[in-house]
Colleague: 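Sharing a structure below in structure tokens format, with a few things to ask.
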Amino acid sequence: MAVLARADREALRAALADGAPLPGWTRLRGPETGLLMLRGRMGGDGQAFNLTETTITRCTVSMDGRMGHATVLGRDAAHAELAAAIDAAMQDAAFRETLRQRVIEPLAAAQEAARARDARRAEATRVRFHTMAAMR
Amino acid sequence: MYVSVKGGEQAIDAAHTWQAALRRGDAAVPEVSITQLREQLGLAVDRVMAEGACADPELAAQALKQARGDTTEAAFLLRAYRNTLPRLGASLPMDTGAMRVERRISATYKDLPGGQVLGPTFDYTHRLLEFAAPIAAPPVEATEPAAAMPRVSDVLAREGLMARDAPSDAEPADITRDGLRFPADRSLRLQAMARGDEGFLLAMGYSTQRGYGNAHPFVGEIRIGAVSVEIVPPELGFAIDIGEITVSECQMVNQFAGNAEAPPQFTRGYGLVVGRNERKAMAVALVDRAQRAPELGEDVKAPAQDAEFVLYHCDNVESTGFVEHLKLPHYVDFQSELEKLRSLRARWEAERAS
Amino acid sequence: MIAPGFADPGMDSQACFRALLTAMSYPGRIVALPSPTGMPSGLPPAMAALVLALCDEQTPLWQDAGDDAAAWIAFHTGAPAASLEAARFVMVTAALPSLGALCAGTDEEPQDGATLLLQVAALSEGAGWVLQGPGIKDAARLRVDGAPDGFVAARAALAPIFPRGIDIVLCAGDRIAALPRTTRIAESG
């Protein structure tokens, strides 16, 4: 679900493009856009507080008697609906493995590569001090 | 006496048409797109997101464009749009300790686990206008990723020198539902400041450094980066990750003399803001610490320590509403002032003549 | 599998709200609501529609229609389940609880009083109770089949605490009639 939520509509469509289409589905709820109150913690680790709201879009679909859910950041209804449909299809043994290979794994790899790239960029800006002794 | 304030519809239409034309500017110059604003004026977009209290970069960029770059007007537009959406829930508290850090610096420890990571910053630039187009080189990449970065406050806490904030999942105050009420607890103060005006909070924070408030702060840590957003949908009953959001966090360390119950130790001021905005996170952390004065048994003498003063005036949408309402017709009020003044003047002249 | 809600949540909720506004503005007038495409058994369509249109995660709700209804309401509206005393919306399909137990708001915030959605067997205009009060010219007649025993007296007992009080929407099939707290049932013949 995290991989589908962190992808975008185009990435999901592209990943689904070559292969058997998903079975049809009906909408049970949404796709609907609303607000999520984002919470933080005082001092990073203390009592929870409300930071600000953000937009989210959620969708629940029914596919061959299986329910698929998705909630994504932002306002893209098609992204949420497609993610919910993939979630439903993944519960079907006939689709699970092919979807894992065609959709989830490539998207997860791309997302991990982007995270690793950012971490290497951050590391490149780490200061290397030249001092005689470490100081605490 | 009542003065007619009807009419002006045509004038208003014409004024809006002119405003729209000015917003577009010279038609010979290509129109700026919302995507361009989001990508190339990201810090302005982040400011609008924070003050508009809605962390959606596309909406914030749209508001900024519609407002001709007026960030306060854009925040107003974003707040108004936000009010049309239903609240679908609240996230689990975000774990900034697990942030994918792009910038993390500490002014208290030079060598700390994970190191000083500068990230994208204007610090160390010479503040010279670059008349030649700046070179857009791809960012440098190290061969290894950055290491894990524990919080600086944990280092001090391990030595027992840092007052901890007790973890709690008590339902926090929510300014969007309850409004401001005093005394405002810390959760309400942090929320109000997160959406407060950056300039106002910066000035308040600055005032604590200049002697208006008992502060001698150190930046324990600033960190900026992406944190995961998790929710627990009732129909699932377990937490799911729905993506990441970029936040700026500041831990400001202050000495505390101690009192009957607590030994001398460091205390923290905390600032958390959506988007990349360390200036505001620092200002919030300074003001947060100042406002903890009553809780820590310190005297409340300075403006920044006065929660009512700061919180009532930090919201720029509210401030601009009340300041700008003065330009609306006050013909009747003014007429009565005028009559009163004329009668006072008549009496004054009569007394002088006698 | 959870049943769906409104076919077009935005428009249907809006139409439902407008119809309720009419019902509240003219106590005793019967209006029909758009029905959801699905709902749990045991919920009259009008009650299901009102819950979809009015409830969200900010409106604690008490209901007696069972687990299916609870799951359906939570899924579509996010309204948290609450005790009778804390609920902003109270849905009654069976025995009427003591009306005095419901939240009636405070003198400062009378709008916090609960809204009671009450299932009845049938509604018709022109006969039955004689209603008087704001929104009614002279008198309105509303016949309510299947109102719980003692309902009229229990409701009348709340009149002295005005502006505190509860507002009631009677639901039969896809139709409703409203009894805001300002409406008096002058004759319950």
Side-chain angles (χ1 to χ4, degrees), chain A residues 1-7 28-30 32-58 60 67 69-76 80 83 111 115-129 131 133-136, chain B residues 50 53-56 59 82 85-94 96-97 100-102 110-111 115-119 139-142 144-146 151 153 165-170 172 174 176 186-187 190-191 194-195 229 231 233 235-236 240-245 249 251 268 270 272 274:
Chain A
M1 289 178 109
V3 169
L4 295 173
R6 286 164 182 243
L28 284 182
R29 181 182 68 190
E32 59 182 335
T33 294
L35 296 172
L36 179 73
M37 178 55 85
L38 292 172
R39 289 187 171 162
R41 288 192 182 280
M42 298 171 188
D45 53 4
Q47 191 197 325
F49 69 97
N50 290 311
L51 176 66
T52 187
E53 286 166 310
T54 186
T55 53
I56 57 170
T57 303
R58 69 182 181 184
T60 299
M67 288 214 302
H69 297 283
T71 301
V72 303
L73 286 175
R75 290 166 299 121
D76 189 342
Q111 290 168 14
R115 284 194 289 268
R117 183 203 60 205
D118 290 348
R120 288 194 303 273
R121 286 179 179 175
E123 178 65 8
T125 69
R126 185 165 67 85
V127 180
R128 269 94 171 152
F129 289 107
T131 48
M135 171 178 92
R136 283 297 292 271
Chain B
C54 183
D56 183 318
L59 288 178
R82 195 196 60 135
L85 295 175
R87 170 80 68 82
L88 299 180
S91 77
L92 295 177
M94 297 183 290
T96 53
R100 289 202 298 116
V101 165
E102 64 180 38
K110 181 169 67 65
D111 295 311
Q116 307 271 355
V117 173
L118 301 181
V140 180
E141 287 183 29
E144 293 299 312
R151 288 196 189 89
S153 51
D165 294 309
S168 154
D169 287 321
D174 186 353
T176 70
R186 196 174 171 207
S187 69
L190 287 171
Q191 184 185 15
R195 60 200 234 145
V229 178
I231 61 171
E235 60 272 16
L236 293 177
I240 58 169
D241 177 318
I242 62 167
E244 287 182 326
I245 196 143
E249 180 188 57
Q251 308 257 13
R268 280 184 286 181
Y270 185 67
L272 184 64
V274 288

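Just so it is clear, the model here is predicted, and its values are computed rather than measured. To find a chain, count down the sequence lines: A is the first, B the second, and so on, and within it residues start at 1.
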Colleague: Within the side chain of Gln47(A), is there an N or O that forms a donor-acceptor pair under 3.5 Å with the backbone of Ala170(B)?
Modeller: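 Checking the backbone N and O of Ala170(B) against the side chain of Gln47(A), no donor-acceptor pair under 3.5 Å is found.
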Colleague: Hey, are the side chains of Thr55(A) and Cys54(B) touching, using non-hydrogen atoms and a 4.5 Å cut-off?
Modeller: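 Counting from C-beta outward, Thr55(A) and Cys54(B) do come under 4.5 Å.
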Colleague: Could you look at Ile240(B) and say if it's the side chain, the backbone, both or neither that has a heavy atom under 4.5 Å from chain A?
Modeller: side chain
Colleague: Specify the closest pair of heavy atoms between Leu38(A) and Ser91(B), including all atoms of both residues, with the distance to one decimal.
Modeller: CA-OG, 3.5 Å
Colleague: What part of Val229(B) gets within 4.5 angstrom of chain A, counting heavy atoms only: side chain, backbone, both, or neither?
Modeller: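 Looking at Val229(B), just its side chain touches chain A.
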Colleague: Measure distances from Leu59(B) to the heavy atoms of chain A and classify the residue's part below 4.5 Å as side chain, backbone, both or neither.
Modeller: both
Colleague: Under 4.5 Å from any heavy atom of chain A, what part of Arg268(B) do you find: side chain, backbone, both or neither?
Modeller: side chain
Colleague: Give, as side chain, backbone, both or neither, the part of Arg128(A) having an atom under 4.5 angstrom from any heavy atom of chain B.
Modeller: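 Neither part.
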Colleague: With side chains defined as the heavy atoms from C-beta onward, is the minimum distance between Met42(A) and Ser187(B) less than 4.5 Å?
Modeller: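 Yes, side chains in contact.
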Colleague: Using a strict 4.0 Å threshold on nitrogen-to-oxygen distance, state whether Arg39(A) and Asp174(B) make a salt bridge.
Modeller: no
Colleague: For Gln116(B), is it the side chain, the backbone, both or neither that has a heavy atom under 4.5 Å from a heavy atom of chain A?
Modeller: both
Colleague: Please state whether the side chain, the backbone, both or neither of Asp45(A) comes within less than 4.5 Å of a heavy atom of chain B.
Modeller: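 Both the backbone and the side chain of Asp45(A) come within 4.5 Å of chain B.
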Colleague: Of the listed residues (Leu4(A), Thr54(A), Val127(A)), which shares the most heavy-atom pairs with chain B below a 4.5 Å separation?
Modeller: Thr54(A)
Colleague: Please flag which part of Arg195(B) lies under 4.5 Å from any non-hydrogen atom of chain A: side chain, backbone, both or neither.
Modeller: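 Contact with chain A: none, neither part.
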Colleague: Is there a side-chain contact between Arg6(A) and Asp241(B) in this structure, where contact means two heavy atoms from C-beta onward sitting under 4.5 Å apart?
Modeller: yes
Colleague: Could you report the tightest heavy-atom contact between Glu32(A) and Leu88(B), atom names first, then the distance?
Modeller: O-CD1, 4.3 Å
Colleague: Residues two or more places apart in sequence or in another chain: which of them pass side-chain contact (heavy atoms from CB on, under 4.5 Å) with Thr125(A)?
Modeller: Val117(B), Leu118(B)
Colleague: Is there a donor-acceptor pair closer than 3.5 Å between any side-chain N or O of Arg126(A) and the backbone N or O of Ala146(B)?
Modeller: no
Colleague: Could you list the residues that satisfy side-chain hydrogen bond (donor to acceptor under 3.5 Å, both in side chains) with Glu141(B), not counting sequence neighbours?
Modeller: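 Expected list: Arg120(A).
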